[in-house]
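Chain letters run A, B, ... following the sequence lines, proteins first, then strands; residues in each count from 1. All heavy atoms count here, side chains included; hydrogens, waters and symmetry mates do not.
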Amino acid sequence: MRKIFGFHGGIHPPENKHQSMAGVIELAGIPAQLTLPLSQHIGAPASVVVAVGERVLKGQLIAQAKGFVSVPLHAPTSGIVSAIEDRLIAHPSGLTAPCIVIDTDGKDEWVEHVGTADFESLEPAELINCIREAGIAGMGGAGFPSAVKLSVKPDTKITTLILNGTECEPYITADDILMRERADQIIRGANILSHILKPDEVLIGVEDNKPEGITALRAAAQGSNIEIVSFPTKYPSGGEKQLIEILTGKQVPSGGLPSDLGIVCQNVGTAVAIANAIDKGEPLISRITTVTGKGVSTPGNFEVLLGTPMSFLLERAAYQSEINNRLIMGGPMMGFTTPDADVPIVKTTNCILAPTEDELPTPPPAQACIRCGLCAEACPATLLPQQLFWFSQGKEFEKLEAHNLFDCIECGACSWVCPSNIPLVQYYRNSKAEIIQTRQENEKSEQSRVRFEAREQRLIKQAAEREEKRAARKKAAEERAKQAASGEGEDPIQAAIERAKAKKAAQENA
Amino acid sequence: MALMRITSPHAHGPMSTTRVMQNVLLALIPGVIVLTHFFGFGTLVNIIWGCALAVAFETLALLLRGRPPLFYLKDLSAIVTATLLCIALPPYSPWWLIAVGIASAILIAKHFYGGLGYNPFNPAMVGYVVLLISFPLQMTAWSPPRGAGEVPGLIEALQALFVPASFDGITMATPLDILRQNNSLLIKDLWQQTPQFGRWGGMGWEWANIAFLAGGVWLLYQRIFTWHAPVAMLVSLGLMASLFYDGGSSASGGSPLFHWLSGATMLGAFFIVTDPVTSAVSLRGRLIYGALIGVLVYLIRVWGNYPDAVAFAVLIMNFAAPFIDYYTQPTSYGHSSEEGK
């Protein structure tokens with residue numbers, strides 16, 4: 001048995017996973033219209049390569065990656081591009097962003113695509129390129145471009161590849177059902193990743209509340225060097241940093257990357273997307289999304305085309321809007337509320353949670369912080385949330401940074417345990433944003449200061465030069481006046497006439 | 001139904017500040033019962049009068065500060081403060097003594113500093129110390145425990161509270177006083193000659209301390225606080241007592257068991273030292289905080305001039321808590337390698 005390391009803190013919220021685990025993965029179907037935001041990942045938004053009115057086929061490239069940290073976007077089904085405009089997207093801000101809108105034609109006609117029968121014959125760089133071109137971004141929630149994660153520095157030796165099947169957040173079962181039903185594809189993806197990175201060991205970390213998933217993975221991994229590691233359920237075990245600590249006992253240095261420790265971590269859903277991209281040549285155009293909460297009568301897991309409106313998916317699960325108090329994209333701990341039910345499913349949407357007021361009540365007004373320390377006990381980053389809260393209220397930015405505010409992963413464990421119902425994470429988000437803004441402003445004002453000082457210097461120099469010239473002229477005039485007065489020099493008027501004459505003569509000669 | 005827009009997390013755990021305070025109050029019940037058994041209704045009458053005053057003062061302060069009183073009263077913190085102070089006061093205290101104590105605790109120590117969560121000093125202990133310094137006579141007038149003298153009844157307790165002039169109570173030195181003033185008798189002989197001593201500590205006091213210990217252990221089990229500060233305090237107090245036990249001579253400061261089970265040791269360890277608002281925040285910090293309180297309690301008890309030392313020790317360490325915090329910040333995730341640098 002492999003040694004399991006713990007991590008500091010963590011909580012045990014009610015799991016609420018059984019509601020959505022009754023059935024199998026259902027196909028959500030093709031909605032009349034798909035809305036595809038150009039930015040469904042971390043990094044630069046993709047740039048459009050199709051025009052309004054153009055017919056696109058399923059899997060056809062519709063927007064290409066712009067820069068290294070970016071991924072392309074593909075049409076999830078065949079249809080006509082009906083608009084390229086700003087639409088409401090799945091973002092906590094509730095703002096609009098550029099989207100490609102496709103009116104589907106229901107034919108679901110594929111673009112020509114081929115896979116690779118034998119991935120082992122390909123070089124890692126070629127495989128990484130395939131993954132990039134398939135538009136794959138981390139499907140666990142953050143959406144970091146997978147190809148970037150796999151492109152480790154040449155001098156970095158990757159010792160451990162970790163596939164994350166933890167899914168620690170309550171309610172969500174998308175990875176769980178994927179492990180149960182498509183374990184072979186996960187293992188296939190793991191093998192491809194293993195071929196790219198050449199690690200010494202390949203681990204798949206799964207919380208022990210998913211015994212069926214673990215069994216399926218173990219069966220599929222038989223005969224390979226892939227080890228399925230199960231560990232006690234605790235939120236947030238599925239955080240990349242926490243999972244690395246659980247499996248290896250090592251901590252990712254603050255501000256560093258897992259690859260600094262020789263570790264690369266990928267979500268199991270991402271592994272399946274990679275397997276599909278390499279084996280079948282299929283880009284990332286659909287994903288598994290859990291639809292759950294008491295606001296839907298038949299919760300379950302759906303394979304859904306990217307760009308599908310949430311409302312379409314909610315209807316599939318028999319949505320009861322009248323008893324639903326908020327729509328959450330993601331889970332109850334880290335998910336965000338959406339402004340309405342029409343925002344589209346994107347690459348990172350692992351769950352749609354439609355709770356009732358009874359299920360997730362409106363938070364009561366916050367009471368005073370009594371510094372009970374439950375938050376510090378729960379914090380997986382070993383921070384002192386109560387102190388961070390104190391400093392956040394006072395906008396003591398230096399102290400916040402000294403107390404490692406930026407190591408906060410916003411998992412929400414502190415707020416969950418807080419007996420005074422203080423929205424701690426919101427304070428930290430706000431402070432982080434303010435600090436970043438202050439930094440940028442400082443940088444700007446520093447630039448302005450340098451510019452201003454340079455200008456001042458220049459003006460002083462110019463003034464000095466002018467003064468010098470003026471003084472020189474004054475001196476010369478005085479000299480001449482002196483000479484004229486003493487009668488030694490020639491008459492200035494006569495001299496001027498002669499100069500004019502000479503000039504005229506020169507012009508005539510020329 | 002309009003969709004709510006709020007930030008994560010959306011789920012919340014079962015704990016609430018009101019529940020924390022309720023649990024603390026529940027955990028005090030065994031100790032109060034024991035005190036009532038040994039010293040009569042004095043403590044209970046103290047508590048009821050004190051709580052009524054606390055609610056009144058808290059409401060007044062909240063109204064003056066423009067806050068909704070009901071919302072803040074609901075957190076029960078005023079009741080907890082009043083209960084702790086009233087347990088610490090001698091039974092059969094006059095009404096005005098309690099009023100001055102509660103006013104100091106709620107108005108000065110709590111609301112002058114910004115209310116619950118903002119007070120640097122433990123309000124109950126501030127109230128206690130104000131009274132101890134201002135009214136030493138009343139504050140040292142402890143009635144004898146059942147078995148060492150007559151215990152007044154309920155009517156007499158009410159009389160003592162509201163018509164203090166008509167109450168003719170008997171008072172007796174507390175075991176801590178006797179031990180401090182002893183300079184001629186061996187510990188063994190002292191125990192035999194003085195009725196106030198019990199099996200290990202003071203008569204009645206030892207059982208009250210055991211009851212508060214039980215309440216504290218229950219709170220630990222309920223995870224209301226961590227073990228660090230109380231255990232550190234008890235261990236350091238025990239170590240000091242062992243160090244200066246002097247084989248039970250006439251110069252002995254008393255055995256560890258005597259100190260653990262005398263005065264306000266257990267009440268202090270589990271209900272005062274654990275006050276999260278005024279203590280150090282990190283676990284390491286709480287160890288240091290608790291341990292130093294233990295040392296101070298012993299020093300003040302044995303070489304100081306006051307009947308008990310918990311209040312002074314706690315207030316002194318309240319001063320030091322931010323300083324301890326500064327040096328005991330835990331190592332955050334991903335920062336361990338910095339230590340080697």
**Prompt:** With side chains defined as the heavy atoms from C-beta onward, is the minimum distance between A/Asp407 and B/His335 less than 4.5 Å?
**Reply:** yes

**Asked** Residue by residue, which of residues 419-427 of chain A have a heavy atom closer than 4.5 Å to a heavy atom belonging to chain B?
**Response** A/Pro419, A/Ser420, A/Asn421, A/Val425, A/Gln426

**Asked** Considering only heavy atoms, which portion of A/Ala413 lies under 4.5 Å from any heavy atom of chain B: side chain, backbone, both, or neither?
**Response** neither

**Message:** Which atoms of B/Arg19 are under 4.5 Å from chain A, going by heavy atoms: the side chain, the backbone, both sets, or neither?
**Reply:** neither

**Item:** Heavy-atom check, side chain of A/Glu359 versus side chain of B/His10, under 4.5 Å
**Value:** no

**Prompt:** For chain B, which residues from residues 234-249 of chain A lie under 4.5 Å away (heavy-atom distances)?
**Reply:** A/Lys241, A/Gln242, A/Glu245

**Prompt:** Would one find more than 12 heavy atoms of other residues, nucleotides or ligands at under 6.0 Å from atom OH of B/Tyr327?
**Reply:** no

**Asked** With respect to chain A, which residue among B/Asp75, B/Leu116, B/Val20, B/Asp275 yields the maximal number of heavy-atom pairs within a distance under 4.5 Å?
**Response** B/Leu116

Show every donor-acceptor pair shorter than 3.5 Å between a side-chain atom in residues 371-388 of chain A and any protein atom, with sequence neighbours excluded, or say none if there are none.
from     : atom 1 : to       : atom 2 : distance (Å)
A/Arg371 : NE     : B/Val277 : O      : 3.3
A/Arg371 : NH1    : A/Gln387 : OE1    : 3.1
A/Arg371 : NH2    : B/Val277 : O      : 3.1
A/Arg371 : NH2    : B/Ser279 : O      : 3.3

**Request:** Indicate the atoms forming the closest heavy-atom contact of B/Ala11 with A/Met333, along with that distance.
**Result:** CB-SD, 4.2 Å

**Prompt:** Among A/Gly412, A/Gly331, A/Pro355, A/Gly255, which residue forms the greatest number of heavy-atom pairs with chain B at distances under 4.5 Å?
**Reply:** A/Gly412

**Message:** Just so I know, are the side chains of B/Ser8 and A/Trp416 near enough to count as touching, which here means a heavy-atom distance under 4.5 Å?
**Reply:** no

**Message:** Less than 4.5 Å to any heavy atom of chain A: does that hold for the side chain of B/Asn119, its backbone, both, or neither?
**Reply:** neither

**Message:** For A/Lys432, I'd like to know if atom NZ has over 12 heavy atoms of other residues, nucleotides or ligands within 6.0 Å.
**Reply:** yes

**Message:** Please identify, among B/Val281, B/Thr18, B/Thr278, B/Leu283, the residue contributing the most non-hydrogen atom pairs under 4.5 Å to chain A.
**Reply:** B/Val281

**Message:** Would you say CZ of A/Phe336 has more than 12 non-hydrogen atoms from neighbouring residues, nucleotides or ligands within 6.0 angstrom?
**Reply:** yes

**Prompt:** Measuring heavy-atom distances to chain B, does A/Ile328 have an atom under 4.5 Å in its side chain, in its backbone, in both, or in neither?
**Reply:** side chain

**Complete:** The reported gap from CG in A/Asn404 to OH in B/Tyr333 (rounded to nearest 0.5 angstrom) is 13.5 Å

**Asked** Heavy-atom distance under 4.5 Å to chain B: side chain of A/Gln393, backbone, both or neither?
**Response** side chain

**Asked** Hey, which of A/Leu353, A/Ile11, A/Thr338 has the most heavy atom pairs under 4.5 Å with chain B?
**Response** A/Thr338

**Asked** A/His403 side chain to B/Gln329 main-chain N or O, any donor-acceptor pair under 3.5 Å?
**Response** no

**Region of A/Pro339 in contact with chain B, defined by heavy-atom distances below 4.5 Å** = both

**Message:** Please check if the number of heavy atoms outside B/Arg5 that lie under 6.0 Å from its CZ is greater than 12.
**Reply:** yes

**Request:** Could you tell me which of A/Cys418, A/Pro92, A/Pro170 has the largest number of non-hydrogen atom pairs under 4.5 Å with chain B?
**Result:** A/Cys418

**Message:** I'd like to check the ring pair (Phe, Tyr, Trp, His ring centres under 6.0 Å) partners of A/Phe406; sequence neighbours left out, ordered by chain and number.
**Reply:** none

**Message:** What I'd like to find out is whether the side chain of B/Phe71 reaches to under 4.5 Å of the side chain of A/Gln367, using heavy atoms alone.
**Reply:** yes

**Message:** Please evaluate residues B/Met4 and A/Thr362 with respect to the criterion side chain to side chain contact (heavy atoms under 4.5 Å, CB included), reporting the C-alpha separation (whole Å), side-chain torsions for both, the decisive distance (0.1 Å), and the verdict.
**Reply:** CA-CA 9 Å; B/Met4 202 193 308; A/Thr362 308; 3.4 Å; yes

